[in-house]
Amino acid sequence: MKPALVRFPVVCPECGVECLTAFAIAELAASLINEDAVMLQSPCHQCTWPANANERDQIRQYLGALAAQR
């Protein structure tokens with residue numbers, strides 16, 4: 001069985017293009033709870049970067065919206 005995913009937009013730090021990314025909900029929630037780095041990626045430039053405080057807050061909002069739907 002595939003893990004449940006959450007999808008949310010990320011903005012490429014190289015060109016500013018927004019695209020969707022997906023993470024397993026359990027892994028993402030654990031990273032946020034444990035204050036581990038959440039590594040984001042953009043497919044346009046193959047960039048990888050740690051989510052900053054604003055990005056982490058947005059991710060929490062997406063997870064909260066998912067929880068409210070269930």
Pairing residues for R60 by the salt bridge (charged side-chain N to carboxylate O under 4.0 Å, His left out) criterion, not counting sequence neighbours: D57
Closest heavy-atom contact between [X] and [Y]?
X	Y	answer
R7	A22	CG-CB, 3.8 Å
P9	L20	N-CD2, 3.7 Å
V17	C44	CB-SG, 4.5 Å
S31	R56	O-NH2, 3.8 Å
C47	E14	SG-CG, 3.0 Å

Separation of C19 SG from Q41 CD (nearest 0.5 Å): 9.5 Å
Other ILVMFWY residues reachable from I59 by side-chain steps of under 4.5 Å: V6, F8, V10, F23, I25, L28, L32, V38, L40, W49, Y62, L63, L66
Flag, side chain of N52 to backbone of N54, donor-acceptor distance under 3.5 Å: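 It does hold such a pair.
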